[in-house]
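Accompanying notes for the structure given below.
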Amino acid sequence: MALRALKFASLTAAASGIYLYGNKFLDPNDFGVVRVGRAIATIKELFLSFEDTPLGAASLAQVHKAVLQDGRTVAVKIQHPKVQAQSSKDILLMEVLLLVVKQIFPDFEFMWLVEEAKKNLPLELDFLNEGRNAEKVAHMLKNFDFLKVPRIYWELSTRRVLLMEFMEGGQVNDRAYMERNGINVNEISRNLGKLYSEMIFVNGFVHCDPHPGNVLVKKCPASGKAYIILLDHGLYQVLSESFRMDYCRLWQALIKADMKRVQKYSRRLGAGDLYPLFACMLTARSWESVNRGIDQSPVSASEDMEIRSNAAAYLPQITQLLNNVPRQMLLLLKTNDLLRGIESALHTRASASSFLNMSRCCIRAVSTYQRNKSHSLYRRAQISLAEALSLWQINLYELFLWLKGSQLGNWVIALLRRMHHFTY
């Protein structure tokens with residue numbers, strides 16, 4: 001049966017491919033040398049120089065370094081010429097293939113892939129939308145002085161060509177680069193966690209493609225300050241207020257190991273009876289670690305192996321979960337996985353500081369929501385006081401952890417022990 005299904009799907013793909021591509025002739029524009037050569041010949045009025053070798057190339061576009069006539073160094077993002085026309089055909093082909101597989105295997109639940117592609121691809125193909133996203137997130141996170149977002153040159157940009165301030169640095173998962181350049185790895189990991197906690201829990205406007213090529217780090221030679229550079233703003237997820245509040249409360253419950261609330265808010269987010277699996281997927285921890293408290297210990301090699309083996313064993317249940325959770329959750333799961341990959345590369349995964357930052361953002365977000373819903377001045381004052389006390393407790397705990405891990409802390413502990421010894 002499986003072999004027959006595979007043959008049928010292959011024939012369908014082949015037939016669709018013949019229908020979609022069979023009448024095309026060889027197009028000189030398909031060659032990069034032709035496209036870049038033509039670009040250099042017709043945009044000399046704009047550029048003093050234009051590097052024909054792209055800095056980066058992907059399925060939708062490629063980026064070149066150039067210098068404008070006024071001396072500004074820019075990054076030029078150019079959309080591949082046939083992407084717009086081809087994208088709708090690709091989505092149609094994917095939809096047909098998934099429908100065929102669905103007919104053969106009724107339990108196959110991946111039609112949401114088509115829904116997400118239909119929604120997100122047109123947005124990613126509109127570079128003006130990407131520019132607006134970049135400006136919005138830069139304004140939204142302006143209080144983080146360690147964040148850099150390239151400036152957009154609107155007068156030179158279109159839906160298919162985006163000109164930005166040129167920024168360069170090492171990839172955020174390159175620990176060796178950071179060590180060579182005197183960049184504190186723990187500080188970068190902590191600040192990246194702050195950025196994404198603020199986006200997810202407080203603002204509900206989330207950059208959903210934090211792979212290492214889109215997140216750079218650089219140290220300023222003059223000030224010695226390390227910056228995070230956030231690139232590629234085509235794919236964002238906007239979270240509804242109700243979803244964001246449930247997600248905040250779920251993470252608060254996970255950090256506190258409050259299993260009743262973990263179950264409650266997992267169910268509200270569509271997990272149903274699969275809430276233990278959902279909690280494990282969100283945290284990338286075993287159910288035992290979730291029950292014990294995910295901030296109590298880092299991921300061990302044996303736990304990591306257990307998670308990997310269980311992912312294959314529970315594939316049908318994972319598929320069911322992905323089909324049941326709100327669509328807003330899908331890109332968040334992808335974002336979580338990418339961030340965890342960065343933490344693993346930097347050896348900072350499951351550090352206590354990341355959970356403390358998440359806790360702060362969740363407290364602020366829920367308190368703001370409660371104040372906005374309250375019409376009583378007294379009640380709003382109560383909420384603000386409770387918020388201040390909770391944040392103070394987190395700060396005190398963070399100070400304790402810092403002292404515990406510092407030389408000063410070790411000295412104080414040794415002194416206290418000595419005093420205790422003399423007393424008795």
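- Side chain of Gln237 to backbone of His207: no donor-acceptor contact under 3.5 angstrom is found.
- Judged purely by atom type and a 3.5 angstrom limit, Ser197 uses its side chain to pair as donor or acceptor with the backbone of Gly193.
- Arg249 is linked by a salt bridge (charged side-chain N to carboxylate O under 4.0 Å, His left out) to nothing, counting only residues two or more places apart in sequence or in another chain.
- Ser157 places a side-chain N or O within 3.5 Å of a backbone atom of Leu163 that can act as its donor or acceptor partner.
- The side-chain hydrogen bond (donor to acceptor under 3.5 Å, both in side chains) search around Asn143 returns none, not counting sequence neighbours.
- Heavy atoms from other residues, nucleotides or ligands lying under 6.0 Å from CZ of Phe166 number more than 12.
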- Task: Please lay out, stage by stage, how Leu231 and Leu216 fare under the test side-chain contact (heavy atoms from CB on, under 4.5 Å).
- Result: CA-CA 8 Å; Leu231 306 176; Leu216 308 181; 3.7 Å; yes
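- By the 4.5 Å heavy-atom criterion applied to side chains, Met178 and Leu346 are counted as neighbours.
- Residue Val67 comes nearest to Thr73 through the heavy atom pair CG2-OG1, 4.1 Å, listed as atom of the first residue, atom of the second, then distance.
- Taking both residues in full, the closest heavy atoms of Leu250 and Ser266 are given as CD1-OG, 3.5 Å, listed atom of the first, atom of the second, then distance.
- Screening Val325, Leu321, Asp246 against Leu269 for a side-chain contact (heavy atoms from CB on, under 4.5 Å) leaves a single residue, Asp246.
- With rounding to the nearest 0.5 angstrom, the CG atom of Asn173 is 12.5 Å from the CD atom of Glu343.
- Val137 is listed as a side-chain neighbour of His233, based on a closest heavy-atom distance under 4.5 Å.
- Taking all atoms of both residues into account, the shortest heavy-atom contact from Ala253 to Arg261 is CB-CB, 3.6 Å.
- A salt bridge links Arg371 and Glu387; the closest N-O separation between the charged side-chain nitrogens and carboxylate oxygens is under 4.0 Å.
- For His80 (side chain) and Lys82 (main-chain N/O), no donor-acceptor pair under 3.5 Å exists by modelled atom type.
- Sorted by first and then second residue, the ring-ring contact (aromatic ring centres under 6.0 Å, His included) pairs with a member in residues 119-144 read Phe144-Phe146; sequence neighbours excluded.
- Counted by atom type alone, Asn395 and Arg360 present one or more donor-acceptor pairs between their side chains at under 3.5 Å.
- Looking only at distances, a side-chain donor or acceptor of Arg244 sits under 3.5 Å from a matching main-chain atom of Val202.
- Between the side chain of Asn324 and the main chain of Gly270, no donor-acceptor pair closer than 3.5 Å is present.
- You'll find the side chain of Ile200 reaches within 4.5 Å of the side chain of Leu332, heavy atoms only.
- Side chain of Arg285 to main chain of Val290: no donor-acceptor pair is present (N/O by atom type, distance under 3.5 Å, no hydrogens or angles).
- Taking Arg364 as the reference, Glu198 meet the salt bridge (charged side-chain N to carboxylate O under 4.0 Å, His left out) condition, with sequence neighbours excluded.
- Looking at residues two or more places apart in sequence or on another chain, you find a side-chain hydrogen bond (donor to acceptor under 3.5 Å, both in side chains) between Arg267 and Asp273.
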- Query: How far apart are the C-alpha atoms of Lys334 and Leu330, what are their side-chain angles, what is the distance that settles it, and do they pass the side-chain contact (heavy atoms from CB on, under 4.5 Å) test?
  - Reply: CA-CA 7 Å; Lys334 171 197 171 186; Leu330 299 175; over 6 Å; no
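- Within the model, atoms NZ of Lys256 and CH2 of Trp251 stand 14.5 Å from one another, a figure rounded to the nearest 0.5 Å.
- The shortest distance between side-chain heavy atoms of Gln79 and Leu125 falls below 4.5 Å.
- Note that the CG atom of Asn191 and the CD1 atom of Ile188 stand 6.0 Å from one another [nearest 0.5 Å].
- With sequence neighbours left out, the salt bridge (charged side-chain N to carboxylate O under 4.0 Å, His left out) criterion links Arg180 to no other residue.
- Atoms OG1 and CD1, from Thr158 and Ile78 in turn, are 10.0 Å apart once rounded to the nearest 0.5 Å.
- The side-chain heavy atoms of Glu45 and Gln69, taken from C-beta on, include no pair separated by under 4.5 Å.
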- Stepwise, does the side-chain contact (heavy atoms from CB on, under 4.5 Å) test hold for Tyr314 with Asn310? CA-CA 6 Å; Tyr314 286 97; Asn310 284 345; 4.0 Å; yes
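- Using a 4.0 Å cut-off between charged side-chain N and carboxylate O, Arg160 and Asp126 make no salt bridge.
- Legend: residues meeting ring-ring contact (aromatic ring centres under 6.0 Å, His included) with Phe47, ordered by chain and number and at least two apart, are Phe50.
- Contact check for Asp174 versus Pro212: no side-chain heavy atoms found under the 4.5 Å cut-off.
- Here salt bridge (Lys or Arg N to Asp or Glu O under 4.0 Å) pairs that include residues 220-238, with residues two or more places apart or in two chains, are Lys77-Asp232, Asp145-Lys225.
- Partners of Phe205 according to the ring-ring contact (aromatic ring centres under 6.0 Å, His included) rule, which considers only residues two or more places apart in sequence or in another chain, are Tyr236.
- Residues Val76 and Val74 are in side-chain contact: their nearest non-hydrogen atoms beyond the backbone lie under 4.5 Å apart.
- With a 4.5 Å cut-off on side-chain heavy atoms, Leu333 and Leu322 count as touching.
- The two residues Ala365 and Cys248 have their closest heavy-atom pair at CB-SG, 3.8 Å.
- Qualifying salt bridge (charged side-chain N to carboxylate O under 4.0 Å, His left out) partners for Lys119, counting only residues two or more places apart in sequence or in other chains: Glu116.
- Side-chain atoms of Asn323 do not come within 3.5 Å of backbone N or O of Thr319 as any donor-acceptor pair.
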- Check the pair Ile383, Thr368 against side-chain contact (heavy atoms from CB on, under 4.5 Å), reporting the backbone distance first and the verdict last. CA-CA 9 Å; Ile383 295 167; Thr368 300; over 6 Å; no
- Step by step, work out the salt bridge (Lys or Arg N to Asp or Glu O under 4.0 Å) result for Asp70 and Arg72. CA-CA 6 Å; Asp70 60 10; Arg72 289 177 293 176; 2.8 Å; yes
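- In terms of modelled atom types and a separation under 3.5 Å, the side chain of Ser359 and the main chain of Phe355 share a donor-acceptor contact.
- Pairing each heavy atom of Trp287 with each of Cys280, the nearest pair is N-SG, 3.4 Å.
- Taking CE of Met199 as the start and NZ of Lys194 as the end, the distance is 14.0 Å to the nearest 0.5 Å.
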Donor-acceptor pairs under 3.5 Å, side chain of residues 147-156 to any protein atom, not counting sequence neighbours: which ones?
| unit_1 | atom_1 | unit_2 | atom_2 | d |
| --- | --- | --- | --- | --- |
| Trp154 | NE1 | Glu135 | OE2 | 2.7 |

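- Without hydrogens or angle criteria, Gln62 side chain to Leu55 main chain gives no donor-acceptor distance under 3.5 Å.
- Residues passing the ring-ring contact (aromatic ring centres under 6.0 Å, His included) test with Phe243 are Tyr247, sequence neighbours excluded.
- Note that CD1 of Ile394 is 6.5 Å distant from CG of Leu356, once rounded to the nearest 0.5 Å.
- When every heavy atom of Ala284 is checked against every heavy atom of Ile307, the shortest pair comes out as O-CD1, 3.0 Å.
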